[in-house]
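Just below is one structure, and these are the notes that go with it.
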Amino acid sequence: MKEYGLPELEGAEKGKVVMRFAPNPNGPATMGSARGIVVNSEYVKMYDGKFVLRFDDTDPRTKKPMLEAYDWYIEDCEWLDAKPHEIIYASKRIPIYYKYVEKLLEMEKAYPCFCSREEFRRYRSEGVECPHRNTSSEDALDVWQKMLDGAYKEGEVVIRIKTDMKHKDPAIRDWVAFRIIYESHPLVGDAYHVYPTLDFESAIEDHINGITHIIRGKDLIDSERRQRYIYEYLGWEYPITKHWGRVSIHEFGKLSTSTIKRAIEEGKFEGWDDPRLPTLRALRRRGFQPEAIRKFFISLGVGENDVSVSMKNLYAENRKIIDPIANRYFFVWDPVEIRIVGIGSELAKEVKLPLNPSKPEGFRVLKGDSEVYVSKDDFERFEEGEIVRLKEFCNIRLENKEKRTFSFAGWQLEGVKKGKNIIHWLPKSETIPCTVYGIERSYEGFAERNAVKDVGKVVQFERFAFCRLESFDGELKAGYTHP
RNA sequence: GCUCCGGUGGUGUAGCCCGGCCAAUCAUUCCGGCCUUUCGAGCCGGCGACCCGGGUUCAAAUCCCGGCCGGAGCACCA
């Protein structure tokens, strides 16, 4: 069991665990969502259980769902090797929630409340019951029917669940279960105008889906205390819960779905899959492997303290997967053209380079040339008289830095200073333009033509970084994965 | 302010429930070394932590109390 990296789940029995991931599809899945997808699905795998994806989309106004996001979530779950066994759309199941609230109204465990927010806030903070609390079940059901009939305006009345107005935690006191929202819902249109709150919808769904364990962020810790009242009234058993703290990722800072949405609208990002964004779509585009993302979140565990991690941890996981399989190519960024003088046609030979040093059988070929490109970063470091080696090709000595001329200094590797004096290069006669889109900046330069056959794959541009080759139409476009 | 939760190396994490085998696990970062061809990759090694103060005990990272610090909730959002 230890190999899974997650601690044993309390009360879990093999084959009987049912867990869910319940996002609001008001934008695509982000790194934050990924934790929920990964941890829940991982436990389901461990115990051979069932994984439910549930869309908590019952507020068409404040958290207006985004129509495309529903399918994006499903795609992202599948990509993360967490294909849901069942998918539930809360907005399509609203009549079910009506049935249950009607039952609670009959039982006088819920009541229609006409207090304004401000009025009720005062009752709540003072621990006093509001005048509507003792409405009879007949009157309550009558009001409820009129709510459904559209007899009330938005904000005029809500349905509250009776808890305890003297509960020591004010957050638990008589909470709202249904409110009126006259706004078209992207999925169900104008079919309803009385919507359940998350707490009500979630409480009902968790029970009817037979959810055994809930693991979610600690921002929802009070939900359990609120929902337990319903479970008690209806004689249900509450799932076992676990909560994790906030995750913040150094490289991305605080990016909520709504702030990203605004930034996209303002044109600061290309779209939801802009490589600078912490969305799963963006990470996929950049070439991250789903297994690396799983391991990353499993390594965070399920502790309740807040964590602040660096993407470097994800890079390390990704590298372990990608390094043995990614083909190597040369990419010369900020290219500088240099000339090797004093020797002619002998340079025009085939240069064989390994595609991946761990797999000696594969190789690629470059044409030797007296006019080559090297990266500006490398060139500027050299001093006149210094010998450098063009990797796998030949040694050259810098003669005149201003004129960028070098002299031939032998073929042999022996005697060459290792390390930074072995550089990558490209023959001027055989290059394709290439742009790599990075998080902080883009890199322009030339790549070797051989790379074109790996479009769609993750490669390593030697001495640069791992990149995912995105497209080629005369120019190669690539996304910067990580060093 | 009220309610609840948490504090293990630079960053995460294991251990804490059931005190001793913990001079504390693993990963990553950082540093150093190695590699006849990536010193921006790979391999090997190293530095580095139980928030503070009391208490209980033969024995405390582990239990108790107080303090300090951090976080969450107190929405007709999820």
Side-chain angles (χ1 to χ4, degrees), chain A residues 2 5 7 10 22-26 55-59 61-65 90 113 115-117 120-121 124-125 127 154-160 167-173 175-181 194-199 201-202 216-223 225-226 243 245-247 250 256-258 295-296 298-317 319-320 322-324 326 328 330 353-354 356-358 377 389-393 395 412-424 460-466 482-483:
Chain A
K2 209 61 194 162
E10 182 196 337
N24 178 314
N26 62 337
F55 293 106
D56 285 345
D57 56 348
T58 58
D59 186 336
R61 171 130 55 227
T62 326
K63 287 285 168 78
K64 191 169 190 124
C113 175
C115 294
S116 69
R117 290 168 198 248
F120 195 83
R121 190 175 303 146
R124 178 171 45 223
S125 64
E154 256 181 54
E156 203 175 340
V157 59
V158 297
I159 300 296
R160 290 186 185 279
H167 190 107
K168 58 181 178 175
D169 184 351
I172 309 305
R173 298 172 187 168
W175 50 275
V176 173
F178 282 87
R179 74 293 211 208
I180 298 167
I181 305 172
V194 177
Y195 285 94
T197 56
L198 168 83
D199 276 316
E201 170 264 318
S202 177
R216 59 188 165 195
K218 68 178 180 186
D219 50 320
L220 289 170
I221 219 156
D222 284 342
S223 277
R225 287 192 273 266
R226 280 195 280 259
H243 301 267
R246 274 214 314 204
V247 189
H250 300 328
S256 72
T257 303
S258 39
K295 286 190 168 147
F296 174 76
I298 288 167
S299 78
L300 292 190
V302 285
E304 215 171 297
N305 39 356
D306 299 338
V307 296
S308 180
V309 285
S310 167
M311 285 287 282
K312 284 178 179 172
N313 294 283
L314 215 208
Y315 297 166
E317 294 294 352
R319 193 144 50 218
K320 282 179 203 159
I322 262 178
D323 185 60
R328 268 62 172 169
F330 285 163
L353 300 110
N356 186 310
S358 59
D377 291 347
R389 180 172 178 81
L390 303 176
K391 194 179 175 203
E392 301 279 7
F393 180 28
N395 307 327
Q412 82 296 341
L413 179 65
E414 295 74 37
V416 178
K417 214 157 87 185
K418 299 286 170 53
K420 282 192 167 152
N421 276 51
I422 296 177
I423 65 168
H424 60 109
Q460 188 195 60
F461 281 142
E462 292 194 45
R463 302 212 310 132
F464 180 67
F466 289 97
H482 56 73

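These values consider heavy atoms only, across backbone and side chains, with no hydrogens, waters or symmetry-generated copies. Each chain gets a letter, A, B and so on, in the order its sequence line appears, and its residues count up from 1.
- Using Watson-Crick or G-U wobble geometry with both donor-acceptor distances under 3.5 Å, B/A49 finds no partner in any strand shown.
- Below the 3.5 angstrom threshold, one finds a donor paired with an acceptor across the side chain of A/Gln460 and the base of B/U38.
- When the C1' atom of B/A14 is taken as reference, atom CD1 of A/Ile298 falls 15 Å away, rounded to whole Å.
- Around atom CD of A/Gln412, more than 12 heavy atoms belonging to other residues, nucleotides or ligands sit under 6.0 Å away.
- A salt bridge does not link A/Asp219 with A/Arg246: every distance from a Lys NZ or Arg NE/NH1/NH2 to an Asp or Glu carboxylate oxygen is 4.0 Å or more.
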query: Tell me, for nucleotides 70-75 of chain B in 5' to 3' order, what letter each nucleotide earns: B for a base near a protein heavy atom under 4.0 Å, S for only sugar-phosphate near one, - for neither?
result: -SSBSS

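- Between the NE2 atom of A/His243 and the P atom of B/G6 there is a distance of 12 Å, rounded to whole Å.
- OP1 or OP2 of B/C77 has at least one side-chain nitrogen or oxygen of A/Arg179 nearer than 4.0 Å.
- Candidate nucleotides B/A41, B/C5, B/U13 were compared by shortest atom distance to the side chain of A/Glu304, and B/C5 ranks first.
- When the C1' atom of B/U36 is taken as reference, atom CG of A/Leu413 falls 5 Å away, rounded to whole Å.
- Atom CG in A/Asp59 sits about 9 Å away from atom C1' in B/C76, given to the nearest Å.
- Of the side-chain N and O atoms in A/Thr58, one or more sit less than 4.0 angstrom from OP1 or OP2 of B/A78.
- Atom CZ in A/Arg389 sits roughly 11 Å away from atom P in B/U38 (whole-Å rounding).
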- request: Go along nucleotides 45-50 of chain B 5' to 3' and tag each nucleotide: B for a protein heavy atom under 4.0 Å from its base, S when only backbone or sugar atoms are that close, - otherwise.
  value: ------

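- Nucleotide B/C26 holds its P atom 16 Å from the CD atom of A/Glu317, rounded to whole Å.
- As rounded to whole Å, 8 Å separates atom C1' of B/A78 from atom CG of A/Asn26.
- Using a 30° and 60° split on the angle between ring planes, A/Phe466 and A/His482 fall in the tilted class, from 30° to 60°.
- Of the listed nucleotides (B/U37, B/U13, B/U11), B/U37 has the atom at the smallest distance from the side chain of A/Ile422.
- In this structure, the side chain of A/Arg121 does not engage the main chain of A/Ser116 through any donor-acceptor pair within 3.5 Å.
- Defined by atom type and a distance below 3.5 Å, a donor-acceptor pair is present between the side-chain atoms of A/Ser223 and A/Asp199.
- Looking at A/Ser310 and A/Asn313, their side chains never bring a donor and an acceptor atom within 3.5 Å of each other.
- At whole-Å resolution of the value, CZ in A/Phe464 and C1' in B/C39 are 17 Å apart.
- Closest to the side chain of A/Glu462, out of B/U36, B/U38, B/A78, is B/U38.
- Rounded to whole Å, the separation between the P atoms of B/U13 and B/U8 comes to 8 Å.
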For nucleotides 42-44 of chain B, tabulate all protein N/O to nucleotide N/O atom pairs closer than 3.5 Å, reporting atom names and distance.
from: B/G42; atom 1: OP1; to: A/Arg319; atom 2: NE; distance (Å): 3.4

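- Of the two residues contacting RNA chain B, namely A/Ala316 and A/Gly301, the nearest-nucleotide position lying further toward the 5' end is that of A/Gly301.
- Comparing the P positions of B/A49 and B/G9 gives a spacing of 9 Å, expressed to the nearest Å.
- Note on A/Lys312 versus A/Glu317: no salt bridge recorded, every NZ/NE/NH1/NH2 to OD/OE distance being 4.0 Å or above.
- Summary of the strand contacts: A/Ser299 and A/Val157 both lie near RNA chain B, and taking for each the nucleotide with the nearest heavy atom, the more 5' one is attributed to A/Ser299.
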